[in-house]
Amino acid sequence: MYALADCNNFYASCERVFNPSLNGKPIVVLSNNDGCVIARSNEAKAVGIKMGAPAFQIEQVIRRHNVQVFSSNFVLYGDMSRRVMNILSSYTPSHEIYSIDECFLDLSGIEVDLIEYGRKMRSQVGRWTGIPLSVGIAPTKALAKVANRIAKKYPELKGVHVIDTEIKRIKALKWTAVEDVWGIGRRYARKLRTMEVNTAYDFTLLPESLVRSMMTVVGRNLQKDLQGIPTIEMEIPEKKQSIATTRSFDRDYNTFGDLHERIATFTMLSAEKLRGQQSMCRRMMLFIETNRFNDKEEFYANSVVLKLPFPTSSSLELAGFAVTGLRSIFRADKHYKRAGVILLDFVDANEYQPSLFFNSNPKHRKLMETMDTLNHKYGKTLVRLASQDELTHKMRRRHLSQAYTTSFNELIEINF
Amino acid sequence: MGKIFSTSDFDFFSPEMSGLELPFVGEIACGFPSPADDFLQENLDINKLLVKHPDATFYAVARGYSLAPLVYPGSILVIDRSVEWSSDLLACCFIDGEFTTKWIRKTDDKIQLIPLNPDFPTLEYSLEEAEIYIWGIVTSIINNNVRLSRLQ
């Protein structure tokens with residue numbers, strides 16, 4: 001079984017932790033420069049504020065309903081996310097941080113009452129951090145996602161829903177509109193609707209060959225997952241507010257060089273997705289952790305949110321920032337078991353106005369395009385960064401020796 | 001320490017768990033030193049003493065005098081949200097739209113917020129009017145610069 005733990009209206013909830021008088025009031029959080037809405041509390045959704053709405057367009061609604069408006073405070077959100085994820089990781093030997101506010105937990109081998117287990121997670125996260133959580137539990141990731149939506153929608157479930165029988169699976173899928181299924185984009189949803197496929201359940205009944213020819217193997221995998229056959233290992237592409245790449249290692253890593261290589265690779269993977277959705281990011285978060293279940297060594301986990309001097313989607317630039325961040329949280333003499341990179345605070349690459357002084361190197365854009373095309377054509381890692389290569393000992397050592405002597409670039413804000 | 005949030009009463013920070021370990025020299029008896037203290041017994045990481053649950057712990061910088069001389073402006077409060085409240089523990093609570101730290105006493109029909117500074121009154125609320133949210137428990141207070149002139 002998998003659990004999907006998802007923080008409710010995460011950015012808005014973070015603001016509420018430090019101002020409990022906002023409970024029950026409509027809140028919106030705006031993107032950088034207060035451009036458009038990137039998060040809404042339920043109350044703000046109820047008064048009709050749409051995701052992505054430009055701030056100037058909703059001024060009237062804001063005044064009429066006394067909506068509390070916040071500029072995004074990514075330092076806070078990053079810190080709260082780290083806390084939530086740390087707590088969740090104690091509930092499973094294997095978890096996957098999916099975005100800044102969502103985490104899949106592999107519950108195989110955990111033989112307890114799953115509703116109780118989900119409630120325990122939820123209450124601990126709530127008490128320790130103040131962040132409300134919803135938990136969906138099901139045999140596959142796509143179904144866990146569906147279960148999570150149900151948990152959010154029906155307060156009487158107290159934030160937890162488990163799909164553990166065929167009857168519950170079918171009921172849940174019939175309840176889910178096809179456009180609300182994880183990974184089915186608006187375009188496919190429209191097409192499916194014209195074919196009288198209105199719910200997730202209808203989708204699971206389509207012939208396999210049809211799904212495959214219409215939506216490629218990605219669609220077929222999704223269909224299998226919804227049918228209850230665990231298929232989805234990797235995430236499903238969708239336009240996101242944050243992009244995470246996190247992995248557990250097959251062995252313990254203890255040198256800076258080893259971790260650097262991993263972080264560079266994760267940055268590369270995230271950056272590729274970032275370019276895939278035509279975004280640039282203004283912040284990145286990194287985290288590293290040792291094995292929580294190792295009795296011989298004290299558990300160490302740390303993370304850092306970097307404010308980048310300019311928005312970028314260049315793997316080269318992001319990898320450079322990632323090293324700086326890694327240096328600030330890396331401790332020698334530890335055996336690291338997991339690490340991850342989360343890109344956040346996005347701008348639309350096509351709408352971005354370059355600033356006068358600090359900008360992403362424009363030459364990188366063309367270079368990255370070429371790299372993505374080659375990798376797409378010839379396999380994931382044909383073209384990669386030197387720091388990703390196994391054989392760059394020289395480079396690794398150069399970075400290592402700099403670690404304690406160089407000071408941080410002033411443009412980067414370190415908030416552990 | 002990274003500042004993560006500011007309100008009118010507190011600046012909130014998030015703990016950073018560094019590995020600073022100092023030799024622990026035994027208890028300070030405020031009298032003459034015990035001969036046993038000649039042996040450095042173990043290393044003590046002050047973070048571990050102050051922060052038992054890093055994921056549930058926030059630091060706040062205090063403003064105001066209601067808990068003087070225990071807490072004064074600039075004192076750093078270590079707040080642990082995982083600790084269960086009891087009337088004996090110092091609570092960081094949210095009342096009337098503001099954060100404050102007080103001891104809380106509950107009776108059948110009212111709630112009292114008890115300060116330490118005798119110049120400040122005990123605040124009393126009836127159960128109906130009080131909307132008190134206990135945000136966390138102040139588990140430690142860090143005072144720098146403990147000067148007599150400042151405490152009196």
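No experiment lies behind these values; they were computed from the predicted model shown.
Within a 6.0 Å radius of CG in B/D109, other residues, nucleotides and ligands contribute more than 12 heavy atoms. Residue-environment remark: CD (B/E131) stays at or below the threshold of 12 foreign heavy atoms within 6.0 Å. Taking a 6.0 Å sphere around CG of A/D333, one finds it holds 12 or fewer heavy atoms contributed by other residues, nucleotides or ligands. By the neighbour-count criterion of 12 heavy atoms within 6.0 Å, atom OH of B/Y65 is sparsely surrounded, having that number or fewer from other residues, nucleotides or ligands. Atom NZ of B/K52 is surrounded by more than 12 heavy atoms from other residues, nucleotides or ligands within 6.0 Å.
The NE2 atom of B/H53 lies 13.5 Å from the CG atom of A/N86; values are rounded to the nearest 0.5 Å. To the nearest 0.5 angstrom, A/S90 atom OG is 8.5 Å from B/D55 atom CG. Rounding to the nearest 0.5 Å gives a distance of 12.0 Å between CD of A/Q124 and CZ of B/R81.
In plain terms, the two heavy atoms of B/F99 and A/P20 that are nearest each other are CZ-CD, 3.9 Å. Between B/G97 and A/S21, the closest heavy-atom pair is CA-CB, 4.4 Å.
Both the backbone and the side chain of A/V17 come within contact range of chain B, judged by heavy atoms closer than 4.5 Å.
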key: side chain to side chain contact (heavy atoms under 4.5 Å, CB included) assessment of B/Y133 paired with A/N23   = CA-CA 11 Å; B/Y133 169 64; A/N23 286 334; 5.8 Å; no

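Looking only at side-chain heavy atoms (C-beta outward), B/W135 and A/F18 come within less than 4.5 Å of each other.
A/R83 contributes a side-chain N or O that, together with a main-chain N or O of B/T57, makes up a donor-acceptor pair within less than 3.5 Å.
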